[in-house]
Amino acid sequence: MASGYIRYMKLKDPGLFGEAYERTARQLPVIGEQKDIRYYASPAKSVLNGPETTGMGFWSINPYIGCAFGCAYCYARYTHRYAMERAANDEKMTDVLGEAYNRLPPWLAFERNIFVKRNAPEVLSRTLRFGSDRHLKLLDGETIVIGTATDPYQPNDNTVLSPFSLFWGGAITSNVGAFVQVTYSSPDPVSSLTGTPADQFKHTWSWDNADVRYASTTNIAGLDVIYGITANNNPTVQDLWNTTPAWSFPYAVSSLAGTPAASTMIEGAFAARVGGVGGYTMINDLLYMELTAYKTLGFNQQNSLGINPFDGPGLFGNVAPYWRVAIEPHWGRHSLMVGTFGMYLDVHPWLDPSFALGTTATLPQSDKFTDIGLDSQYQYQGDNYWVTLRGSYIREFQRLDASFANFASANPTNLLNSLKLQASFAYGGDNRVVFTGQYFDIWGTSDANIYGLDMNTGNALTPNSNGWMAEIAYIPFGTSKAFGWPWFNARIGLQYTYYNKFNGTTIGAHDNNTLFLHAWLAM
């Protein structure tokens, strides 16, 4: 049970948990360790220090109290005792922190017990809100320095295993088969605890993509027909091509890197949060058609399956239909697929996703999303290589009745678009080396309440993000099979993501560029 939840319950009934629980509710959580250094999450009331306070000719921000570098000449070393004393007076000492307070001199505690201002971005955003005194002074040319008392780049590197998935796939009977995935995802690199009551619904193990289907064949008017029923938990996970969202490139991404905040609903917003049943058919190995209906799982069902319900947009008010049509002609060594897919979602947002009110209810109004996608894939098979071109475009129309009425959006309707263009070249036996490049672009309507305000202009920001991604992947066990093959396979990839624009602005977009080395092991 998260400390934030205990704190909230204590306020409602001071005698509910007793003194020990009340003290635990106030303790600062340990959010990282490195040898003999511990990092503690500490809420900040302010993070911007003005010249009138410091006596220096600039503003300063210190995201930490304490510094792991421990420079002998640092003027801030002996002031650390005040932060320790405040933690003690507020009964925020953990046993370890309390021991350090009594044992370590202030100059050593400065580099051994470091307080991280977890809410610094939110506090700074409020301080520099458009039109505020601080914001106007910044526009006049004032300077902000980050890290005057402590270095802003603390050596708090953590190694995490994330994600780790267990897959099972195969035939159950001659007509029934399944694909099932269970995934472990570690907490975020700082902590999974934010101090809110909703923390109790965070999980590490959860069910992931799942598809159980029935398939059979027949012949109609001389045409071969495959038909069947699919039951799955993620729209597009049942698709045959790598152009729809569930299986599109990139196939692995860093869980630590920043990613664009906006995406269409069909691009995973309800993955593992729904259950759907539908029918499909492939006619003459040429025309594929499918129609599936989805309903969201209830709050308790999602939580039982390891999904934090509050991480999702809400619950469906009605059945959400998903459709898919694609045609794929083949000639010689060539194949071409052209298709369309889409979904209509009627979503009731959560009334209180922080769970501060202790309710799992949704708003009576709903937001309505219509996603329509177009996709295509071309492949050529050479003597010892494959060339593949893929593209997809999704247009989402948003009618935000609930969000607009509750001031979560500034507009009653918005548009959101997502474009991916990709080329790959696979060379060698069993695709031994694969080179892939992709251009991605997300753009849509500006909305101050959803995307915020530009601090320089005061204009509403857009969801716009675009850039490039390149990856080289090596598959060591192909024609030269490894021990235990085919029960042991691997794919090792090096991926780089480059942003031209990130969350509506080009300023600082390159700061989100990511180099990602990953490995897949399949057994």
J.: Pick from Tyr380, Trp386, Tyr385: which one makes a ring pair (Phe, Tyr, Trp, His ring centres under 6.0 Å) with Phe425?
T.: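 Single pass found, and it is Tyr385.
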J.: Could I get the full list of salt bridge (charged side-chain N to carboxylate O under 4.0 Å, His left out) partners for Asp383, not counting sequence neighbours?
T.: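 Only Arg333 meet the salt bridge (charged side-chain N to carboxylate O under 4.0 Å, His left out) criterion with Asp383.
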J.: For the residue pair Phe440 and Tyr499, categorise the inter-ring angle as parallel (less than 30°), tilted (30 to 60°) or perpendicular (more than 60°).
T.: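 The rings of Phe440 and Tyr499 stand perpendicular, inter-plane angle above 60°.
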J.: Could you tell me which residues satisfy salt bridge (charged side-chain N to carboxylate O under 4.0 Å, His left out) with Asp375, sequence neighbours excluded, listed by chain and number?
T.: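 By the salt bridge (charged side-chain N to carboxylate O under 4.0 Å, His left out) rule, Asp375 matches Arg324.
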J.: Can you tell me if Thr230 and Glu290 form a side-chain donor-acceptor pair at under 3.5 Å?
T.: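 Checked: Thr230/Glu290 side chains show no N/O donor-acceptor pair below 3.5 Å.
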J.: Walk me through it: do Met265 and Glu396 pass the test side-chain contact (heavy atoms from CB on, under 4.5 Å)?
T.: CA-CA 8 Å; Met265 285 290 169; Glu396 179 175 272; 3.4 Å; yes
J.: Can you classify the ring geometry of Phe164 versus Trp205 as parallel (below 30°), tilted (30 to 60°) or perpendicular (above 60°)?
T.: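 Taking Trp205 first and then Phe164, their aromatic rings stand perpendicular (interplane angle over 60°).
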J.: Hey, would you say the His510 and Tyr498 ring centroids sit under 6.0 Å apart?
T.: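 Under 6.0 Å, so yes.
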J.: Strictly distance-based, threshold 3.5 Å: is any side-chain N or O of Asp346 a donor or acceptor partner for the main-chain N or O of Ser366?
T.: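 Flag not set: sc Asp346 to bb Ser366 has no pair under 3.5 Å.
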J.: Is there a donor-acceptor pair closer than 3.5 Å between any side-chain N or O of Thr445 and the backbone N or O of Leu415?
T.: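 Flag set: sc Thr445 to bb Leu415 pair under 3.5 Å.
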J.: Which distance, rounded to the nearest 0.5 Å, do you find between the OG1 of Thr264 and the CG of Leu416?
T.: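 Rounded to the nearest 0.5 Å, the OG1-CG separation comes out at 6.5 Å.
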J.: Arg213: what forms a salt bridge (charged side-chain N to carboxylate O under 4.0 Å, His left out) with it, not counting sequence neighbours?
T.: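 For Arg213, the residues satisfying salt bridge (charged side-chain N to carboxylate O under 4.0 Å, His left out) (neighbours in sequence not counted) are Asp211.
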J.: Taking side chain as C-beta onward, heavy atoms only, is Leu287 less than 4.5 Å from Val325?
T.: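 The answer is yes, as the side chains (C-beta and beyond) meet within the 4.5 Å cut-off.
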J.: Provide the closest heavy-atom pair for Ala262 versus Ile442 in the form atom of the first, atom of the second, distance.
T.: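 Shortest heavy-atom separation between Ala262 and Ile442 comes out as O-CD1, 3.6 Å.
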J.: May I have the step-by-step check of side-chain contact (heavy atoms from CB on, under 4.5 Å) for Phe249 and Asn242, ending in yes or no?
T.: CA-CA 7 Å; Phe249 181 84; Asn242 292 106; over 6 Å; no
J.: Nearest 0.5 Å, what's the OH-CG distance between Tyr439 and Asn500?
T.: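 Between Tyr439 OH and Asn500 CG, I get 7.0 Å after rounding to 0.5 Å.
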J.: Under the 3.5 angstrom rule, does the side chain of Trp350 hit a backbone N or O of Pro309 as a donor-acceptor pair?
T.: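 Indeed, once roles are kept as given, a pair shorter than 3.5 Å links the two residues.
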J.: If only side-chain N and O atoms count, and only distance matters, is there a donor-acceptor pair under 3.5 Å linking His203 with Gln302?
T.: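 Checked: Gln302/His203 side chains show no N/O donor-acceptor pair below 3.5 Å.
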J.: Do Val180 and Leu166 make a side-chain contact, defined as non-hydrogen atoms from C-beta onward lying under 4.5 Å apart?
T.: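 They are not in side-chain contact.
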J.: Using every non-hydrogen atom in the two residues, find where Asp367 and Pro349 come nearest and quote the distance to one decimal.
T.: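 Distance-wise, the nearest heavy atoms are OD2-CG, 3.6 Å.
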J.: Looking at Thr218 and Val225, would you say the former's side chain and the latter's main chain have a donor-acceptor pair under 3.5 Å?
T.: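 No.
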J.: Can you name the closest pair of heavy atoms from Asn384 and Tyr427 and give their distance?
T.: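 Asn384 and Tyr427 have their closest heavy atoms at O-CD1, 3.6 Å.
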J.: Taking all heavy atoms of Thr388 and all of Arg390, pick out the closest pair and write down the distance.
T.: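 The answer is CG2-CZ, 3.5 Å.
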J.: Any side-chain heavy atom of Val274 sitting closer than 4.5 Å to one from Pro235?
T.: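 Yes, their side chains come closer than 4.5 Å.
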J.: Counting N and O atoms only, with roles assigned by atom type, does the side chain of Thr173 sit under 3.5 Å from a partner on the main chain of Val176, one being a donor and the other an acceptor?
T.: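 At least one qualifying donor-acceptor pair exists.
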J.: Examine distances only and state if a side-chain atom of Asn449 and a backbone atom of Phe407 form a donor-acceptor pair shorter than 3.5 Å.
T.: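 Judged by distance alone, yes, a pair lies under 3.5 Å.
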J.: Measuring from atom CZ of Phe310 to atom OG of Ser354, what distance do you get when rounded to the nearest 0.5 angstrom?
T.: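 Spacing of CZ (Phe310) from OG (Ser354) equals 8.0 Å.
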J.: Could you walk me through whether Val253 and Thr497 pass the side-chain contact (heavy atoms from CB on, under 4.5 Å) check?
T.: CA-CA 10 Å; Val253 294; Thr497 306; over 6 Å; no
J.: Side chains of Gln438 and Thr436: is there a donor and an acceptor less than 3.5 Å apart?
T.: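 No.
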J.: Distance-only, no hydrogens or angles: does the His348 side chain make a donor-acceptor pair with backbone N or O of Gln365 under 3.5 Å?
T.: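 Side chain of His348 to backbone of Gln365, a donor-acceptor pair under 3.5 Å: yes, one is there.
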J.: With a 4.5 Å cut-off on side-chain heavy atoms, are Met282 and Leu240 touching?
T.: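 Side-chain contact under 4.5 Å: yes.
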J.: Using modelled atom types and a 3.5 Å cut-off, is there a donor and acceptor pairing between side-chain atoms of Asp208 and backbone atoms of Ala272?
T.: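 No; judged by distance alone, with no hydrogens or angles, the pair does not exist.
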J.: Between Thr340 (side chain) and Leu374 (backbone), is there a donor-acceptor pair under 3.5 Å?
T.: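 No: the side chain of Thr340 does not pair with the backbone of Leu374.
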J.: Looking at every non-hydrogen atom in both residues, tell me the closest pair between Ala231 and Val277 and how far apart they are.
T.: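 Closest pair (atom of Ala231, atom of Val277, distance): CB-CG2, 4.3 Å.
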J.: Can any side-chain N or O of Asn209 pair as donor or acceptor with the backbone N or O of Gln181 at less than 3.5 Å?
T.: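 It does not hold such a pair.
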J.: Scan side-chain atoms only and decide if Ser165 and Thr183 contain a donor-acceptor pair under the 3.5 Å cut-off.
T.: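 Thr183 and Ser165 do have a side-chain donor-acceptor pair below 3.5 Å.
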J.: Under 3.5 Å, is there a donor-acceptor pair linking the side chains of Tyr393 and Asn417?
T.: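 Indeed, the side chains of Tyr393 and Asn417 share at least one donor-acceptor pair under 3.5 Å.
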J.: To the nearest 0.5 Å, how far apart are CD1 in Ile220 and CD1 in Ile283?
T.: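 Rounded to the nearest 0.5 Å, the CD1-CD1 separation comes to 7.0 Å.
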J.: Could you please spell out the steps behind the side-chain contact (heavy atoms from CB on, under 4.5 Å) verdict for Gln379 and Glu328?
T.: CA-CA 11 Å; Gln379 284 190 317; Glu328 185 181 48; 5.7 Å; no
J.: Enumerate the residue pairs fulfilling salt bridge (charged side-chain N to carboxylate O under 4.0 Å, His left out) with a member in residues 223-235, sequence neighbours excluded, ordered by first and then second residue.
T.: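 For residues 223-235, and leaving out neighbouring residues, there are no salt bridge (charged side-chain N to carboxylate O under 4.0 Å, His left out) pairs at all.
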J.: Is any side-chain heavy atom of Lys420 closer than 4.5 Å to a side-chain heavy atom of Glu267?
T.: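 SC-SC contact between Lys420 and Glu267 confirmed.
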J.: State which residues pass salt bridge (charged side-chain N to carboxylate O under 4.0 Å, His left out) with Asp401; sequence neighbours excluded, sorted by chain then number.
T.: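 Only Lys368, Arg399 meet the salt bridge (charged side-chain N to carboxylate O under 4.0 Å, His left out) criterion with Asp401.
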J.: So do Phe502 and Asp511 actually touch side chain to side chain, heavy atoms under 4.5 Å?
T.: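 Contact flag for Asp511/Phe502 side chains = no.
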J.: Hey, would you say the Phe341 and Tyr322 ring centroids sit under 6.0 Å apart?
T.: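 That pair fails the under 6.0 Å test.
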J.: So, for Trp247 and Phe179, is the gap between ring centers shorter than 6.0 Å?
T.: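 Yes, they do, as the ring centres are separated by less than 6.0 Å.
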J.: Name the one of Tyr294, Tyr344, Phe270, Phe369 that satisfies ring pair (Phe, Tyr, Trp, His ring centres under 6.0 Å) with Phe316?
T.: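 Looking at Tyr294, Tyr344, Phe270, Phe369, the match for Phe316 under the ring pair (Phe, Tyr, Trp, His ring centres under 6.0 Å) is Phe270.
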J.: State which residues pass ring-ring contact (aromatic ring centres under 6.0 Å, His included) with Tyr280; sequence neighbours excluded, sorted by chain then number.
T.: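 With sequence neighbours excluded, Tyr280 shows a ring-ring contact (aromatic ring centres under 6.0 Å, His included) to no residue whatsoever.
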J.: For residues Ser254 and Phe516, report the shortest heavy-atom separation together with the two atoms involved.
T.: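 Scanning both residues, the minimum pair turns out to be N-CE2, 3.5 Å.
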J.: Check whether any side-chain heavy atom of Ile372 sits under 4.5 Å from a side-chain heavy atom of Trp323, and report yes or no.
T.: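 In short, these two side chains touch, coming nearer than 4.5 Å.
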J.: Working to the nearest 0.5 Å, report the span between CG of Leu305 and CZ of Arg273.
T.: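 Between Leu305 CG and Arg273 CZ, I get 11.0 Å after rounding to 0.5 Å.
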J.: Working to the nearest 0.5 angstrom, can you tell me the gap between Gln398 CD and Asn411 CG?
T.: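 Rounded to the nearest 0.5 Å, the CD-CG separation comes to 10.0 Å.
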J.: Below 4.5 Å, heavy atoms only, C-beta onward: do Val433 and Phe435 meet side chain to side chain?
T.: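 They are in side-chain contact.
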